[in-house]
Amino acid sequence: MKLQQLWYRANPWIWLLSPLSLLFWLVSHGRRALYSNGLLPRYRPDVPVIVVGNISVGGNGKTPLVIWLVEMLREAGYRPGIVSRGYGGQAKQYPLRVTPDVTARECGDEPKLMFERCQCPVAVDPDRRAAVKLLLSSGEVNIIVCDDGLQHYALARDIELVVLDGERRHGNGRLLPMGPLREGLWRLKRVDAVICNGGLAAVGEYPMQLKPEAPRPLDPDSQALPPQGEIDALAGIGYPPRFFKTLQLAGYRLRQTVSYADHQDYSATELQQQFAELPLLMTEKDAVKCRSFARDNWWYLPVSAELPRSFRDLILNKLKDNPYGARS
(Lines give C-alpha, C1' and ligand atoms only; values in the text may rest on other atoms or scores of the structure.)
Protein backbone atom coordinates (compact mmCIF):
# COMPACT_ATOMS: atom_id res chain seq x y z
CA MET A 1 0.00 0.00 0.00
CA LYS A 2 1.32 3.45 -0.91
CA LEU A 3 2.08 5.87 1.89
CA GLN A 4 -0.38 8.40 0.42
CA GLN A 5 -3.21 5.91 0.83
CA LEU A 6 -2.50 5.65 4.55
CA TRP A 7 -2.98 9.39 4.93
CA TYR A 8 -6.69 9.09 4.20
CA ARG A 9 -7.59 6.11 6.38
CA ALA A 10 -7.01 5.03 9.95
CA ASN A 11 -3.84 2.97 10.34
CA PRO A 12 -1.82 2.66 13.57
CA TRP A 13 1.39 1.86 11.67
CA ILE A 14 1.57 5.49 10.56
CA TRP A 15 2.81 6.41 14.05
CA LEU A 16 6.13 4.78 13.22
CA LEU A 17 6.77 7.89 11.15
CA SER A 18 6.14 10.30 14.03
CA PRO A 19 9.87 11.07 14.62
CA LEU A 20 10.16 12.16 10.98
CA SER A 21 7.05 14.31 11.27
CA LEU A 22 8.52 15.97 14.35
CA LEU A 23 11.71 16.68 12.43
CA PHE A 24 9.66 18.10 9.56
CA TRP A 25 7.82 20.38 11.98
CA LEU A 26 11.05 21.63 13.56
CA VAL A 27 12.56 22.50 10.17
CA SER A 28 9.45 24.10 8.67
CA HIS A 29 8.54 25.97 11.87
CA GLY A 30 12.10 27.22 12.29
CA ARG A 31 12.28 28.43 8.70
CA ARG A 32 8.94 30.21 8.97
CA ALA A 33 10.04 31.87 12.21
CA LEU A 34 13.23 33.19 10.61
CA TYR A 35 11.21 35.00 7.96
CA SER A 36 8.51 36.17 10.36
CA ASN A 37 11.06 37.72 12.72
CA GLY A 38 13.03 39.38 9.94
CA LEU A 39 16.12 37.20 10.36
CA LEU A 40 15.81 36.16 6.73
CA PRO A 41 14.95 38.85 4.16
CA ARG A 42 11.68 38.96 2.27
CA TYR A 43 11.34 40.52 -1.16
CA ARG A 44 8.53 43.07 -1.32
CA PRO A 45 7.65 44.03 -4.93
CA ASP A 46 5.91 47.34 -5.55
CA VAL A 47 2.80 45.64 -6.94
CA PRO A 48 0.20 43.49 -5.14
CA VAL A 49 1.00 39.78 -4.81
CA ILE A 50 -1.71 37.11 -4.54
CA VAL A 51 -0.45 33.70 -3.47
CA VAL A 52 -2.45 30.57 -4.30
CA GLY A 53 -1.37 27.48 -2.42
CA ASN A 54 -2.38 24.68 -0.11
CA ILE A 55 -1.32 23.11 3.14
CA SER A 56 -1.47 19.55 1.82
CA VAL A 57 0.35 17.73 -0.96
CA GLY A 58 -1.41 16.46 -4.05
CA GLY A 59 -3.66 18.04 -6.63
CA ASN A 60 -6.25 20.30 -5.02
CA GLY A 61 -7.22 22.58 -7.89
CA LYS A 62 -4.76 25.47 -7.64
CA THR A 63 -4.23 25.87 -11.39
CA PRO A 64 -7.93 26.41 -12.27
CA LEU A 65 -8.13 28.99 -9.49
CA VAL A 66 -5.06 30.82 -10.80
CA ILE A 67 -6.63 30.95 -14.26
CA TRP A 68 -9.92 32.22 -12.78
CA LEU A 69 -8.06 34.92 -10.85
CA VAL A 70 -6.16 36.12 -13.91
CA GLU A 71 -9.34 36.36 -15.96
CA MET A 72 -11.22 38.13 -13.16
CA LEU A 73 -8.40 40.60 -12.51
CA ARG A 74 -8.11 41.40 -16.19
CA GLU A 75 -11.84 42.14 -16.36
CA ALA A 76 -11.43 44.41 -13.32
CA GLY A 77 -8.78 46.48 -15.11
CA TYR A 78 -5.57 44.93 -13.80
CA ARG A 79 -2.65 43.63 -15.86
CA PRO A 80 -1.82 40.32 -14.15
CA GLY A 81 1.22 38.14 -14.53
CA ILE A 82 1.85 34.63 -13.17
CA VAL A 83 4.93 33.28 -11.42
CA SER A 84 5.49 29.61 -10.71
CA ARG A 85 8.17 27.29 -9.45
CA GLY A 86 7.92 25.38 -12.72
CA TYR A 87 7.90 21.98 -11.06
CA GLY A 88 9.15 19.27 -13.42
CA GLY A 89 10.66 21.79 -15.82
CA GLN A 90 14.18 21.31 -17.12
CA ALA A 91 15.15 24.82 -18.15
CA LYS A 92 18.84 25.46 -18.78
CA GLN A 93 18.68 28.72 -16.87
CA TYR A 94 16.32 30.66 -14.64
CA PRO A 95 14.30 32.81 -14.44
CA LEU A 96 12.53 31.66 -17.59
CA ARG A 97 9.88 33.66 -19.41
CA VAL A 98 7.30 31.34 -20.96
CA THR A 99 6.71 31.99 -24.66
CA PRO A 100 4.98 30.00 -27.43
CA ASP A 101 8.35 28.43 -28.29
CA VAL A 102 9.10 27.27 -24.74
CA THR A 103 8.07 23.64 -24.27
CA ALA A 104 6.34 22.09 -21.28
CA ARG A 105 9.49 20.05 -20.68
CA GLU A 106 11.44 23.27 -20.24
CA CYS A 107 9.04 25.31 -18.12
CA GLY A 108 6.84 22.63 -16.54
CA ASP A 109 3.35 21.50 -17.52
CA GLU A 110 1.35 23.86 -15.30
CA PRO A 111 3.10 27.09 -16.40
CA LYS A 112 2.68 26.07 -20.04
CA LEU A 113 -1.02 25.35 -19.48
CA MET A 114 -1.55 28.69 -17.72
CA PHE A 115 0.30 30.58 -20.45
CA GLU A 116 -1.83 29.00 -23.18
CA ARG A 117 -5.12 29.53 -21.33
CA CYS A 118 -4.50 33.02 -19.94
CA GLN A 119 -2.34 34.56 -22.66
CA CYS A 120 -0.63 36.69 -20.02
CA PRO A 121 3.03 37.03 -18.93
CA VAL A 122 4.26 33.90 -17.13
CA ALA A 123 7.69 33.37 -15.57
CA VAL A 124 9.13 30.38 -13.73
CA ASP A 125 11.93 30.05 -11.21
CA PRO A 126 12.32 27.94 -8.05
CA ASP A 127 13.12 31.32 -6.48
CA ARG A 128 9.83 33.13 -7.09
CA ARG A 129 11.46 36.47 -6.29
CA ALA A 130 13.58 36.22 -9.43
CA ALA A 131 10.51 35.34 -11.51
CA VAL A 132 8.63 38.37 -10.14
CA LYS A 133 11.56 40.69 -10.91
CA LEU A 134 11.71 39.37 -14.48
CA LEU A 135 8.03 40.14 -15.08
CA LEU A 136 8.21 43.56 -13.46
CA SER A 137 11.23 44.50 -15.56
CA SER A 138 9.08 44.23 -18.69
CA GLY A 139 6.59 46.82 -17.44
CA GLU A 140 3.70 44.63 -18.61
CA VAL A 141 2.14 43.71 -15.27
CA ASN A 142 0.82 45.56 -12.24
CA ILE A 143 -0.24 42.58 -10.13
CA ILE A 144 1.31 39.14 -9.53
CA VAL A 145 -0.48 35.83 -9.03
CA CYS A 146 1.90 33.30 -7.50
CA ASP A 147 1.04 29.67 -8.21
CA ASP A 148 1.74 27.25 -5.34
CA GLY A 149 3.73 29.68 -3.23
CA LEU A 150 2.13 29.54 0.21
CA GLN A 151 5.26 28.15 1.88
CA HIS A 152 7.65 30.32 -0.20
CA TYR A 153 8.10 32.88 2.56
CA ALA A 154 10.97 34.65 0.80
CA LEU A 155 8.30 36.41 -1.29
CA ALA A 156 6.08 38.84 0.61
CA ARG A 157 2.41 38.65 -0.24
CA ASP A 158 -0.72 40.75 0.16
CA ILE A 159 -3.39 38.05 -0.20
CA GLU A 160 -3.07 34.37 0.68
CA LEU A 161 -5.54 31.84 -0.73
CA VAL A 162 -5.63 28.15 0.20
CA VAL A 163 -7.32 25.54 -1.99
CA LEU A 164 -8.39 22.25 -0.47
CA ASP A 165 -9.92 19.13 -1.95
CA GLY A 166 -13.53 18.98 -0.79
CA GLU A 167 -13.57 15.17 -0.80
CA ARG A 168 -10.22 14.32 0.76
CA ARG A 169 -10.10 17.42 2.98
CA HIS A 170 -7.06 17.19 5.32
CA GLY A 171 -6.69 13.42 5.44
CA ASN A 172 -5.60 12.29 8.89
CA GLY A 173 -4.59 15.85 9.81
CA ARG A 174 -0.93 14.94 10.35
CA LEU A 175 2.21 16.59 9.05
CA LEU A 176 4.45 14.95 6.47
CA PRO A 177 5.32 12.11 6.29
CA MET A 178 2.69 10.86 8.76
CA GLY A 179 0.02 12.71 6.81
CA PRO A 180 -0.46 14.97 3.81
CA LEU A 181 0.01 18.33 5.54
CA ARG A 182 2.83 20.75 4.77
CA GLU A 183 1.70 22.99 7.62
CA GLY A 184 -0.69 22.49 10.51
CA LEU A 185 -4.40 23.24 10.32
CA TRP A 186 -3.75 26.40 12.34
CA ARG A 187 -2.41 27.93 9.11
CA LEU A 188 -5.91 28.09 7.64
CA LYS A 189 -6.88 30.70 10.25
CA ARG A 190 -4.18 33.06 8.99
CA VAL A 191 -5.01 33.12 5.27
CA ASP A 192 -7.45 35.48 3.58
CA ALA A 193 -9.70 32.75 2.17
CA VAL A 194 -10.07 28.98 2.01
CA ILE A 195 -11.50 27.67 -1.26
CA CYS A 196 -13.16 24.24 -1.22
CA ASN A 197 -12.82 22.43 -4.55
CA GLY A 198 -15.83 20.14 -4.88
CA GLY A 199 -17.52 18.32 -2.02
CA LEU A 200 -19.31 20.24 0.70
CA ALA A 201 -17.73 23.53 1.77
CA ALA A 202 -17.48 24.09 5.50
CA VAL A 203 -18.66 27.27 7.18
CA GLY A 204 -16.43 30.15 6.14
CA GLU A 205 -15.08 28.41 3.04
CA TYR A 206 -15.76 29.52 -0.52
CA PRO A 207 -17.08 26.71 -2.77
CA MET A 208 -15.39 26.14 -6.12
CA GLN A 209 -16.75 23.89 -8.84
CA LEU A 210 -14.77 22.74 -11.87
CA LYS A 211 -17.04 22.75 -14.90
CA PRO A 212 -15.87 20.68 -17.90
CA GLU A 213 -16.07 22.21 -21.35
CA ALA A 214 -16.38 20.44 -24.69
CA PRO A 215 -13.46 18.11 -25.54
CA ARG A 216 -10.81 19.59 -27.83
CA PRO A 217 -8.41 17.66 -30.09
CA LEU A 218 -4.71 17.74 -29.29
CA ASP A 219 -4.01 17.84 -33.01
CA PRO A 220 -5.54 21.09 -34.33
CA ASP A 221 -5.73 19.56 -37.82
CA SER A 222 -7.61 16.47 -36.63
CA GLN A 223 -10.73 15.56 -38.61
CA ALA A 224 -11.91 13.03 -36.01
CA LEU A 225 -15.39 13.38 -34.56
CA PRO A 226 -15.67 14.31 -30.87
CA PRO A 227 -15.51 11.21 -28.64
CA GLN A 228 -18.73 9.58 -27.53
CA GLY A 229 -19.57 6.37 -25.67
CA GLU A 230 -16.58 4.19 -24.91
CA ILE A 231 -13.17 5.82 -24.51
CA ASP A 232 -9.80 5.43 -22.85
CA ALA A 233 -8.74 7.97 -20.22
CA LEU A 234 -5.35 9.18 -19.04
CA ALA A 235 -4.47 11.43 -16.13
CA GLY A 236 -1.09 12.46 -14.78
CA ILE A 237 -2.25 14.85 -12.06
CA GLY A 238 -2.23 15.00 -8.28
CA TYR A 239 -5.55 13.16 -7.88
CA PRO A 240 -6.55 11.25 -11.07
CA PRO A 241 -9.82 9.77 -9.68
CA ARG A 242 -11.38 13.23 -9.80
CA PHE A 243 -10.81 13.43 -13.56
CA PHE A 244 -12.13 9.93 -14.23
CA LYS A 245 -15.24 10.68 -12.18
CA THR A 246 -15.82 13.82 -14.24
CA LEU A 247 -15.73 11.78 -17.44
CA GLN A 248 -18.18 9.23 -16.07
CA LEU A 249 -20.58 11.97 -14.98
CA ALA A 250 -20.35 13.37 -18.52
CA GLY A 251 -21.67 10.04 -19.84
CA TYR A 252 -18.49 8.38 -21.11
CA ARG A 253 -17.84 4.65 -20.67
CA LEU A 254 -14.23 4.17 -19.63
CA ARG A 255 -12.62 1.04 -21.06
CA GLN A 256 -9.31 1.72 -19.37
CA THR A 257 -8.20 4.42 -16.99
CA VAL A 258 -4.46 4.97 -16.72
CA SER A 259 -3.00 7.06 -13.92
CA TYR A 260 0.49 8.50 -13.97
CA ALA A 261 2.47 10.45 -11.41
CA ASP A 262 1.89 14.17 -11.27
CA HIS A 263 4.12 16.03 -13.78
CA GLN A 264 4.88 12.76 -15.57
CA ASP A 265 7.34 13.03 -18.47
CA TYR A 266 5.64 10.89 -21.12
CA SER A 267 7.13 8.51 -23.67
CA ALA A 268 5.64 9.11 -27.12
CA THR A 269 6.22 5.50 -28.20
CA GLU A 270 4.62 4.05 -25.07
CA LEU A 271 1.48 6.17 -25.27
CA GLN A 272 1.01 5.71 -29.02
CA GLN A 273 1.13 1.94 -28.56
CA GLN A 274 -1.14 1.87 -25.51
CA PHE A 275 -3.80 4.20 -26.91
CA ALA A 276 -4.08 3.25 -30.56
CA GLU A 277 -7.73 2.19 -30.89
CA LEU A 278 -10.42 4.02 -28.93
CA PRO A 279 -10.51 7.79 -28.57
CA LEU A 280 -8.34 8.96 -25.70
CA LEU A 281 -9.39 11.71 -23.30
CA MET A 282 -6.80 13.33 -21.02
CA THR A 283 -6.50 16.40 -18.83
CA GLU A 284 -5.47 19.75 -20.24
CA LYS A 285 -2.34 19.54 -18.12
CA ASP A 286 -1.37 16.29 -19.86
CA ALA A 287 -2.25 17.69 -23.27
CA VAL A 288 0.47 20.35 -23.20
CA LYS A 289 3.04 17.54 -22.94
CA CYS A 290 1.50 15.18 -25.51
CA ARG A 291 0.48 17.55 -28.30
CA SER A 292 3.67 17.09 -30.36
CA PHE A 293 3.09 13.35 -30.80
CA ALA A 294 -0.69 13.03 -30.44
CA ARG A 295 -2.83 10.77 -32.60
CA ASP A 296 -5.75 12.40 -34.36
CA ASN A 297 -8.28 10.78 -31.98
CA TRP A 298 -6.64 12.10 -28.79
CA TRP A 299 -8.61 14.76 -26.96
CA TYR A 300 -8.37 16.80 -23.78
CA LEU A 301 -11.05 18.12 -21.49
CA PRO A 302 -10.66 21.76 -20.40
CA VAL A 303 -12.20 22.70 -17.08
CA SER A 304 -13.07 26.14 -15.75
CA ALA A 305 -13.50 27.19 -12.13
CA GLU A 306 -16.77 28.68 -10.91
CA LEU A 307 -16.77 30.68 -7.68
CA PRO A 308 -19.37 32.84 -5.93
CA ARG A 309 -19.60 36.58 -6.50
CA SER A 310 -18.75 37.12 -2.85
CA PHE A 311 -15.27 35.69 -3.43
CA ARG A 312 -14.65 38.10 -6.31
CA ASP A 313 -15.77 40.97 -4.12
CA LEU A 314 -13.45 39.83 -1.31
CA ILE A 315 -10.39 39.90 -3.57
CA LEU A 316 -11.18 43.25 -5.18
CA ASN A 317 -11.97 44.89 -1.86
CA LYS A 318 -8.68 43.72 -0.37
CA LEU A 319 -6.82 45.05 -3.38
CA LYS A 320 -8.65 48.38 -3.15
CA ASP A 321 -7.44 48.78 0.44
CA ASN A 322 -3.89 47.76 -0.49
CA PRO A 323 -1.27 50.52 -0.93
CA TYR A 324 -0.15 48.82 -4.15
CA GLY A 325 -3.67 48.18 -5.39
CA ALA A 326 -4.17 51.10 -7.78
CA ARG A 327 -5.01 50.04 -11.31
CA SER A 328 -3.23 51.55 -14.30
Side-chain angles (χ1 to χ4, degrees), residues 50-76 80-88 98 104 107-120 122 124 143-150 159-169 191-201 205-216 233-247 249-250 262-263 281-289 299-312 314-315:
I50 302 175
V51 166
V52 177
N54 55 26
I55 63 168
S56 61
V57 299
N60 291 336
K62 296 184 301 296
T63 300
L65 179 59
V66 169
I67 294 171
W68 183 92
L69 283 168
V70 168
E71 293 173 347
M72 183 275 290
L73 291 168
R74 187 183 286 137
E75 290 177 357
I82 300 172
V83 299
S84 174
R85 181 183 184 277
Y87 189 87
V98 182
C107 67
D109 46 22
E110 290 169 348
K112 185 67 173 178
L113 185 163
M114 292 184 289
F115 174 76
E116 292 184 352
R117 280 286 294 267
C118 298
Q119 294 296 300
C120 75
V122 178
V124 299
I143 188 168
I144 297 292
V145 180
C146 182
D147 172 49
D148 196 17
L150 190 66
I159 297 176
E160 290 185 323
L161 305 175
V162 165
V163 186
L164 61 89
D165 186 306
E167 295 182 1
R168 295 180 295 167
R169 301 292 296 182
V191 301
D192 294 278
V194 177
I195 297 89
C196 179
N197 178 19
L200 184 63
E205 297 175 351
Y206 290 89
M208 180 174 79
Q209 299 295 328
L210 299 182
K211 298 298 183 181
E213 302 176 12
R216 301 177 189 176
L234 175 154
I237 56 178
Y239 188 53
R242 183 191 296 120
F243 177 66
F244 301 142
K245 182 179 179 180
T246 297
L247 296 180
L249 291 174
D262 201 8
H263 310 290
L281 258 176
M282 63 181 67
T283 72
E284 189 172 10
K285 182 170 157 181
D286 294 309
V288 299
K289 296 181 289 187
W299 301 73
Y300 70 94
L301 192 74
V303 296
S304 295
E306 292 186 352
L307 290 115
R309 176 82 180 191
S310 58
F311 178 69
R312 174 186 181 276
L314 171 78
I315 300 299

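Remember, predicted model here, so these are calculated numbers, not experimental data.
Evaluation of the salt bridge (charged side-chain N to carboxylate O under 4.0 Å, His left out) rule for R242 yields D165 as partners, not counting sequence neighbours. For the side chain to side chain donor-acceptor pair (under 3.5 Å) test, no residue two or more places apart in sequence or in another chain qualifies with R74. Under the side-chain contact (heavy atoms from CB on, under 4.5 Å) criterion, Y300 pairs with R216, L218, M282, E284, A287, R291, P302, sequence neighbours left out. Among residues two or more places apart in sequence or in another chain, the side chain to side chain donor-acceptor pair (under 3.5 Å) test is passed with K211 by none. Not a single side chain to side chain donor-acceptor pair (under 3.5 Å) links Q209 to another residue, sequence neighbours left out. The side chain to side chain donor-acceptor pair (under 3.5 Å) check on T283 picks up D286, with sequence neighbours excluded. Residues meeting the salt bridge (charged side-chain N to carboxylate O under 4.0 Å, His left out) test with E71, sequence neighbours left out: none. Scanning for salt bridge (charged side-chain N to carboxylate O under 4.0 Å, His left out) contacts around D148 gives R182, with sequence neighbours left out. Take D109 and apply the salt bridge (charged side-chain N to carboxylate O under 4.0 Å, His left out) test, not counting sequence neighbours, and it matches K289.
For the residue pair D262 and I237, the shortest heavy atom distance occurs at OD1-CA, 3.4 Å. When all heavy atoms of P64 and L210 are compared, the closest pair comes out as CB-CD2, 3.6 Å. The two residues L200 and R169 make their nearest non-hydrogen contact at O-NH1, 3.8 Å. Closest approach of G53 to L150, counting heavy atoms only: CA-CB, 4.0 Å. Among all heavy-atom pairs drawn from C120 and F115, the shortest one is O-CD1, 3.6 Å. Nearest approach of V162 to I55, heavy atoms of both residues: CG1-N, 4.4 Å.
Taking CZ of R85 as the reference point, atom SG of C107 lies at 13.5 Å (rounded to 0.5 Å). Between the OG atom of S84 and the CE atom of M114 there is a distance of 4.5 Å, given to the nearest 0.5 Å. In this structure, CD1 in I195 is found 4.5 Å from CG in L161, a value given to the nearest 0.5 Å. Rounded to the nearest 0.5 angstrom, K112 NZ and K285 NZ are separated by 16.0 Å. Between atom CH2 of residue W68 and atom CG of residue L73 there is a gap of 8.0 Å, rounded to the nearest 0.5 Å.
For residues 191-201, the salt bridge (charged side-chain N to carboxylate O under 4.0 Å, His left out) pairs, not counting sequence neighbours, are D192-K318.
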Can you list, pair by pair, the side-chain donor-acceptor contacts under 3.5 Å of residues 303-312, counting residues two or more places apart and other chains?
residue, atom, partner, partner atom, Å
S304, OG, R117, NH2, 3.2
S304, OG, E213, OE2, 2.4

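In this structure, N197 contributes its side chain and N60 its backbone to a donor-acceptor pair below 3.5 Å.
When each of L69, T63, I67 is checked for a side chain to side chain contact (heavy atoms under 4.5 Å, CB included) with L65, only L69 meets the rule.
Under a cut-off of 6.0 angstrom, the local environment of OH in Y87 is sparse, with at most 12 non-hydrogen atoms contributed by other residues, nucleotides or ligands.
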